[in-house]
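Remarks on the structure that follows.
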Amino acid sequence: MGVGGVGAVLAIADIASPVRAPFTFFFLLAAPAAALAGGLRSLDPLSRAVVAAGGAIVIDLLVAQSMLALHMWSVRGGVAVVAALSAALFLLPLLRRSFTRAERRRTP
């Protein structure tokens with residue numbers, strides 16, 4: 001988490017550093033993968049890791065393709081969009097659990 005967070009901060013703040021590229025690359029793979037893995041609890045660990053890694057690559061490619069198609073390409077924007085999507089994907093299972101618990105309390 002720390003390496004990915006540092007990579008995101010370095011990219012968004014546009015700080016020149018020799019570790020910016022590898023740390024940002026790690027963030028772009030690890031953040032969506034961790035967010036997707038949180039929602040795939042029903043899979044065994046190896047399947048969850050493979051699906052989460054593939055999903056992270058798909059998310060990164062879709063963000064890049066969308067930004068290129070809209071002529072809005074920027075490294076800072078791409079990292080920010082991936083961070084926002086990862087946060088949203090991370091929060092979805094938490095929201096689902098809270099709604100499920102609320103429904104259980106309402107039903108007799």
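Along the sequence shown, residues are numbered consecutively beginning with 1. Heavy atoms only: backbone and side chains are in, while hydrogens, waters and symmetry mates are out. Keep in mind it's a predicted model, so treat the numbers as computed, not measured.
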- Task: Could you pull out the closest heavy-atom pair between G7 and T24, with the gap in Å?
- Result: O-OG1, 3.0 Å
- Could you pull out the closest heavy-atom pair between A33 and A52, with the gap in Å? O-CB, 3.3 Å
Would you mind reporting whether [Y] and [X] have side-chain heavy atoms less than 4.5 Å apart?
X	Y	answer
V6	V19	no
V63	L28	no
V82	P32	yes

- Query: Which residue pairs satisfy the salt bridge (Lys or Arg N to Asp or Glu O under 4.0 Å) criterion with at least one member in residues 12-30, sequence neighbours excluded?
  - Reply: D14-R20
Determine, using the 4.5 Å side-chain heavy-atom cutoff (strictly less than), whether [X] and [Y] are members of one ILVMFWY cluster.
X	Y	result
F25	L61	yes
I59	L92	yes
I12	W73	yes
V79	M67	yes
L62	L29	no

- Item | Those residues that, when tested against S66, pass side chain to side chain donor-acceptor pair (under 3.5 Å) (two or more places apart) | none
- Gap separating the CG atom of D60 from the OG atom of S86, nearest 0.5 angstrom: 7.5 Å
- Hey, what do you get for CZ (F27) to CG (L10), rounding to the nearest 0.5 Å? 11.5 Å
